[in-house]
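Notes follow the structure.
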Amino acid sequence: MYRSLHGADIEQMLFRPSEGSIKALIGRVHLFRGDDDEAERLYDEAKILDPTNGDVLELGKELQIKPRAEPIPKVDYFQNFSRLCSLENRNYPADPSNPKIRCRYREALLPYYRFKEEILSISPFASVIYDFVSEDESKHLKSFVENKLERGKVGGNNSVISDIRTSDLAWIWDNDSTKAKTLAKKIEHVTGLDTSQRLPDGPSSGEAFQVVNYGLGGHYEVHMDPFDAAPEQGELQYSGERIATFLIYLSDVQRGGSTVFTRVGVAVAPKKNMALFWYNFDPAHQKDEFTHHAGCPVLIGQKWICNKWIWTYGNTFRRRCGLTPDATQLDIEEDMKHGYKWH
Ligand SMILES: O=C(O)CCC(=O)C(=O)O
Ligand SMILES: [Fe+2]
């Protein structure tokens, strides 16, 4: 007994990886994920700690032979803005020739929910869900914020009023009304994601409903929804990031007011009670630069929407990562077929 334990100890000592080797192994993970800079940084540190270690040498070789990840081409995010905004009042998918861009019934976690979904983009994943809210729900959201609307701001922790976003808005927490709570649950069922609010101080998985009203000319210029820096205070400070956006149209708009994804060429014309759902992060949890989007100016009429942002916390296992670094949302659904039904 003593001998075998003693033997195991020696074995452990012999095979304990050095700090340099650990850094090199982590570096390889980053290299595999396409984060060459981080891999390079870890390699430099590992080289100093353990220059002759096999893992360190291996990483050095891989860094030399791996072609650099293509930098995201610098495009003018605004170049497509006016073209997409001026399209007719209907949805324009990213690539109509792609057979995966299609309509389907989307089943929810509850068997009696079934939603009409139209996929508009595979990567980033974006789709619309028709008749997501009832007339009653959409009326409730608008009447709840009556007299509470204030000019919307931009910029996370130190937000300011700006011409980038010309709309009024107000917030509804799930606990503010039974209808809001039920709607949050419905979003959970259709997305398969956790949206729970654990107030007052637990980390939340979903933000409060943000009801927004745009008047004539009201718009929101090209932006992405995740924050540059996570909120430093409030109930969201430990919640991670806005991994997905669930946007509900609470009105039709006579002319203008589409939501457009300028880098993938998608235009979504507002349709009352329809929801637009997209992931802001790819399945490898990288912020997806292709989710740059905008709210086009309202030309005739007014526009009402309601946003529910879904956070990382609580969704690590619900929004799974892909089997490969470039897996799409649809690949993941394919892998999960047995746990979650799709048509
Ligand atoms: O109004 C829209 O269509 C887009 C709104 C939006 O992007 C936002 O509120 O973050
Ligand atoms: Fe947005």
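When a ligand or atom number is given, it counts from 1 through the structure's own listing order.
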Just to be sure I read this right, does ligand 1 sit under 4.0 Å from the backbone of Asp225, its side chain, both, or neither, counting only heavy atoms?
side chain
Which residue in the set Lys148, Glu150, Arg151 passes side chain to side chain contact (heavy atoms under 4.5 Å, CB included) when paired with Asp168?
Arg151
What do you reckon, does Lys303 have a nitrogen or oxygen under 3.5 Å from a nitrogen or oxygen of ligand 1?
yes
For Glu135, is there an ion pair with Lys139 - N to carboxylate O distance below 4.0 angstrom?
no
Which atoms from ligand 1 have a heavy atom of His223 less than 4.0 Å away?
6 (C), 7 (O), 8 (C), 10 (O)
Looking at ligand 1, does any of its N/O atoms fall within less than 3.5 Å of an N/O of Tyr214?
yes
Which angle, to 10 degrees, forms at the Fe ion (ligand 2) with OD1 of Asp225 on one side and NE2 of His223 on the other?
90°
When hydrophobic residues are tied together by side-chain contacts of less than 4.5 Å, even through go-betweens, does Ile305 share a cluster with Tyr130?
yes
Within the structure, is a non-hydrogen atom of Trp309 found at a distance of less than 4.0 Å from ligand 1?
yes
Residue portion contacting ligand 1 (non-hydrogen atoms closer than 4.0 Å) for Val212:
neither
How close do Phe144 and Ser177 get, heavy atom to heavy atom, and via which atoms?
CE1-CB, 4.4 Å
So which residues get pulled into Phe281's cluster when ILVMFWY side chains under 4.5 Å apart are joined, directly or through others?
Ile243
Enumerate the atoms of ligand 1 whose separation from the nearest heavy atom of Thr259 is less than 4.0 angstrom.
2 (C), 3 (O)
Run the numbers for me: atoms of ligand 1, each under 4.0 Å from some heavy atom of Gly295, listed by number.
1 (O), 2 (C), 3 (O)
Minimum heavy-atom distance Phe261-Leu84, with the two atoms named:
O-CD1, 3.6 Å
Would Lys308 pass as a cation-pi partner of Phe209, given that its NZ or CZ must be under 6.0 Å from the six-membered ring centre and within 45 degrees of the axis?
yes
Number the atoms of ligand 1 from 1 as they appear, then name those within less than 4.0 Å of a heavy atom of Asn307, with their elements.
8 (C), 9 (O)
Atom 7 (O) of ligand 1 has as its nearest protein heavy atom His293 NE2, 2.9 Å
For Ser258 and Pro270, work out which heavy atoms get closest and say how close.
CA-CD, 3.7 Å
Arg165 neighbourhood, listing ligand 1 atoms whose heavy-atom distance to it stays under 4.0 Å:
9 (O)
